Amino acid sequence: MRPLTEREIRASLINCSKGEAKRAGVPKDLPDQPWDDLDFLGWRDPGAPERAYLVAERDGALVGVALRVTSGAARGFTARSMCSLCLTTHTNGGVALMSARRTGEAGRQGNSVGQYMCADLACSLYLRGTREAAGGGVIDESLTLEDKLARTRTNLYVFLDKVAARAA
Ligand SMILES: [Zn+2]
């Protein structure tokens, strides 16, 4: 994806109040992100580890979502769990349940959407093999990288649609 600025990131968050978007902890090293290898930018809030964010580019527009890290999925050191976006398996807390408040009336009533994701939101890097999952890995299957990236994008868009209340 193309490099993003802090201002663009804050403006992209669809499920935050203006104040929350202003307070969101944006990565300090934005210029150093591996933009060419990213399908979306995801990060944990450096000042609040229970918060996470992801920003994707969709049809030329930026869509950002604030997430709350509900729990680590792995119960024991050897327990494996899988990211529902990129299907990378991890052990030892490498996958976390992230929940996003839905937009609009649904969100005001407290509705959120939960999804298991790579705890560091680095799906793009696991898929390309530039970051390795501890004790896990990308599942062995005969799909090309392009196909895996397309599948991850589809999974992400389904999630974004749920947050934006465009799908059930
Ligand atoms: Zn992932």
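Each residue takes its place number in the sequence, starting with 1. Here the structure is a predicted model, which is why all the values come from computation and not from measurement. Atoms within a ligand are numbered from 1 in the order they appear, just like the ligands themselves.
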Results of salt bridge (charged side-chain N to carboxylate O under 4.0 Å, His left out) for Arg108 - residues two or more places apart only: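 Scan of Arg108 (salt bridge (charged side-chain N to carboxylate O under 4.0 Å, His left out), adjacent residues dropped) gives Glu105.
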Given Met117, which of Leu97, Leu54, Thr88 fulfils the side-chain contact (heavy atoms from CB on, under 4.5 Å) condition?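 Of all the options given, the one that passes is Leu54.
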Among Ile, Leu, Val, Met, Phe, Trp and Tyr joined by side-chain contacts under 4.5 Å, find the other residues sharing a cluster with Leu143 and list them by chain and number.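 Same cluster as Leu143: nobody, lone residue.
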Rounded at 0.5 Å granularity, tell me how far SG in Cys86 sits from CZ in Arg151.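 If we round to the nearest 0.5 Å, Cys86:SG and Arg151:CZ are 9.0 Å apart.
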Short side-chain donor-acceptor distance under 3.5 Å, Tyr126 and Asp120: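 Distance-only check passes for Asp120 and Tyr126.
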Pairs of donor and acceptor atoms involving the side chains of residues 25-32, under 3.5 Å and at least two apart or interchain, shall be tabulated with distances.
residue : atom : partner : partner atom : Å
Asp29   : OD1  : Gln33   : NE2          : 3.0

Which N, O or S atoms belonging to the protein are less than 2.8 Å from the Zn ion (ligand 1)?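 Per the 2.8 Å query on the Zn ion (ligand 1), atoms found are Cys83 SG, Cys86 SG, Cys118 SG, Cys123 SG.
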